[in-house]
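Written below as structure tokens is the structure these notes are about.
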2 protein chains.
Amino acid sequence: MGLTKTEIFTEEQNRLAVMLKAMAHPARIAILQQIIKANACICGDLVEELGLAQATISQHLKELKNAGIIQGTIEGVSVCYCINPTVWNELQQQLSAFFSTYELKTNCC
Amino acid sequence: MGLTKTEIFTEEQNRLAVMLKAMAHPARIAILQQIIKANACICGDLVEELGLAQATISQHLKELKNAGIIQGTIEGVSVCYCINPTVWNELQQQLSAFFSTYELKTNCC
DNA sequence: ACTATATATCGTAATATTGCGATGTATAAT
DNA sequence: ATTATACATCGCAATATTACGATATATAGT
């Protein structure tokens with residue numbers, strides 16, 4: 001064993017899990033915050049901002065990109081990363097919907 | 001290596017990462033959905049609902065409980081699990097705030 | 001006390017993640 | 001063409017996750 005049984009879950013559950021997993025690391029949360037804060041796209045600045053090696057940051061960026069949360073555009077020597085608005089909004093919607101399904105009721109344990 | 005460098009991140013970043021990580025698995029998303037749907041708390045029903053072994057479900061429940069997202073109350077032979085309203089709302093607030101920091105601007109890559 | 005039921009925990013195998021140094025690749029400048 | 005800069009990728013070691021069978025624990029009913 002050791003691998004998730006994706007086949008027994010819905011497409012939606014798997015997709016949400018992938019997105020959340022991409023965000024579920026302090027370094028990647030910090031990267032997203034930095035990208036959002038700088039509005040325009042950043043790249044190697046992240047290596048200096050956070051205290052991680054270049055290879056590590058690059059790997060984290062790849063994971064965020066794979067999940068579709070960010071997008072990178074080559075700009076000369078460097079690469080400019082920014083939020084993917086479509087995916088970002090999609091995720092926001094889905095999470096919002098997910099959280100709002102819960103409603104506190106007294107008859108619980 | 002192989003372990004996250006939590007010391008270089010803020011308390012908030014680490015906390016959010018822990019919560020998201022707890023939710024970042026299709027089985028645990030399914031479990032949360034089931035718990036919310038059934039409103040009142042469930043337990044071993046989850047084993048039948050999802051197609052996973054009892055030990056596996058128990059482990060997933062433990063992770064959700066460790067993150068504080070759910071809480072379990074012993075009820076005779078069985079254990080009743082339900083959402084922890086405080087943590088749930090906290091997480092909802094934090095995520096909402098996080099997502100709303102982003103605002104689309106044209107001058108991007 | 002004995003048995004059934006429900007859940008938790010242990011131990012284990014397979015696989016994934018994290019982080020980094022070293023190295024590759026691709027553009028810009030001289 | 002050569003060199004510098006910026007990233008990406010490879011390979012590795014340490015650790016974490018996922019899933020499950022087997023076993024422990026704890027309550028309820030007889």
Side-chain angles (χ1 to χ4, degrees), chain A residues 1-9 13-14 17-31 34-35 38 41-67 70-82 109, chain B residues 1-9 13-14 17-31 34-35 38 41-67 70-82 109:
Chain A
M1 321 298 141
L3 79 171
T4 306
K5 280 193 165 180
T6 49
E7 69 276 9
I8 67 170
F9 304 106
Q13 287 167 336
N14 284 315
V18 165
M19 304 284 274
L20 289 177
K21 198 173 181 181
M23 291 181 62
H25 191 286
R28 294 196 288 271
I29 289 174
I31 287 172
Q34 191 60 34
I35 288 179
C41 324
I42 314 172
C43 62
D45 302 337
L46 292 162
V47 178
E48 286 182 48
E49 247 349 288
L50 323 181
L52 291 171
Q54 184 265 319
T56 309
I57 296 288
S58 189
Q59 207 171 256
H60 282 306
L61 285 168
K62 191 182 177 186
E63 282 177 71
L64 286 170
K65 206 168 70 180
N66 282 344
I70 63 169
Q71 58 196 185
T73 320
I74 298 168
E75 247 174 40
V77 190
S78 55
V79 176
C80 175
Y81 283 102
C82 59
C109 49
Chain B
M1 317 301 141
L3 79 170
T4 305
K5 279 191 164 180
T6 49
E7 69 277 9
I8 67 170
F9 304 107
Q13 288 166 336
N14 284 317
V18 166
M19 304 284 274
L20 290 177
K21 198 172 182 182
M23 290 181 62
H25 192 286
R28 293 195 289 271
I29 290 174
I31 287 173
Q34 191 59 35
I35 288 180
C41 324
I42 313 171
C43 61
D45 303 334
L46 291 164
V47 178
E48 285 182 50
E49 251 345 293
L50 322 182
L52 290 170
Q54 183 265 320
T56 310
I57 297 287
S58 189
Q59 209 172 252
H60 282 306
L61 285 168
K62 192 182 177 185
E63 282 177 70
L64 286 169
K65 205 168 70 179
N66 282 344
I70 62 171
Q71 58 197 187
T73 321
I74 298 166
E75 245 174 41
V77 190
S78 55
V79 176
C80 175
Y81 283 102
C82 58
C109 50

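Reckoned from all heavy atoms, side chains included, excluding hydrogens, waters and symmetry mates. A, B, ... follow the sequence lines: proteins, then strands. Residue 1 opens every chain. The structure presented is a predicted model; accordingly, all values stated were derived computationally and were not measured.
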Inset, instruction - Report which part of the nucleic acid E63(B) touches: base, sugar-phosphate, or nothing (heavy-atom distance under 4.0 Å, all strands). - result: sugar-phosphate
Inset, instruction - Indicate, yes or no, whether a donor-acceptor pair under 3.5 Å links the base of dA19(D) to the side chain of Q59(B). - result: yes
Legend entry - Interatomic distance, L61(A) CG vs dT18(C) P [rounded to whole Å]: 13 Å
Inset, instruction - Could you state the atom-to-atom distance from CE of M23(B) to C1' of dT17(D) in whole Å? - result: 18 Å
Legend entry - Gap between atoms CG and C1', on L3(A) and dA16(D) respectively (whole Å): 15 Å
Inset, instruction - Looking at every strand, decide which applies to V79(B) at a 4.0 Å heavy-atom threshold: base, sugar-phosphate, or nothing. - result: sugar-phosphate
Legend entry - Rounded distance in Å - CG (D45(A)) to P (dT5(D)): 16 Å
Legend entry - Donor-acceptor pair present, Q54(B) side chain and dA6(C) base, under 3.5 Å: no
Legend entry - Nucleotide dA8(D), atom C1' - distance to CD of E75(A) in whole Å: 17 Å
Inset, instruction - Select base, sugar-phosphate, or nothing to describe what I57(A) touches, counting heavy atoms under 4.0 Å on all strands. - result: nothing
Inset, instruction - Could you check whether K65(A) gets within reach of a base, just the sugar-phosphate, or nothing at all, counting any heavy atom under 4.0 Å? - result: nothing
Inset, instruction - Return the value, rounded to whole Å, for the distance between atom NE2 of H25(B) and atom P of dT15(C). - result: 15 Å
Inset, instruction - Starting from the 5' end of DNA chain C, give me the residue, T56(A) or S58(B), whose nearest nucleotide shows up first. - result: S58(B)
Inset, instruction - Using whole Å, report how far CG of L46(B) lies from C1' of dA19(D). - result: 16 Å
Inset, instruction - Identify, between I74(A) and A53(A), the residue whose nearest nucleotide on DNA chain C lies closer to the 5' end. - result: A53(A)
Inset, instruction - Answer with base, sugar-phosphate or nothing: what part of the nucleic acid does S78(A) contact at a heavy-atom distance below 4.0 Å? - result: sugar-phosphate
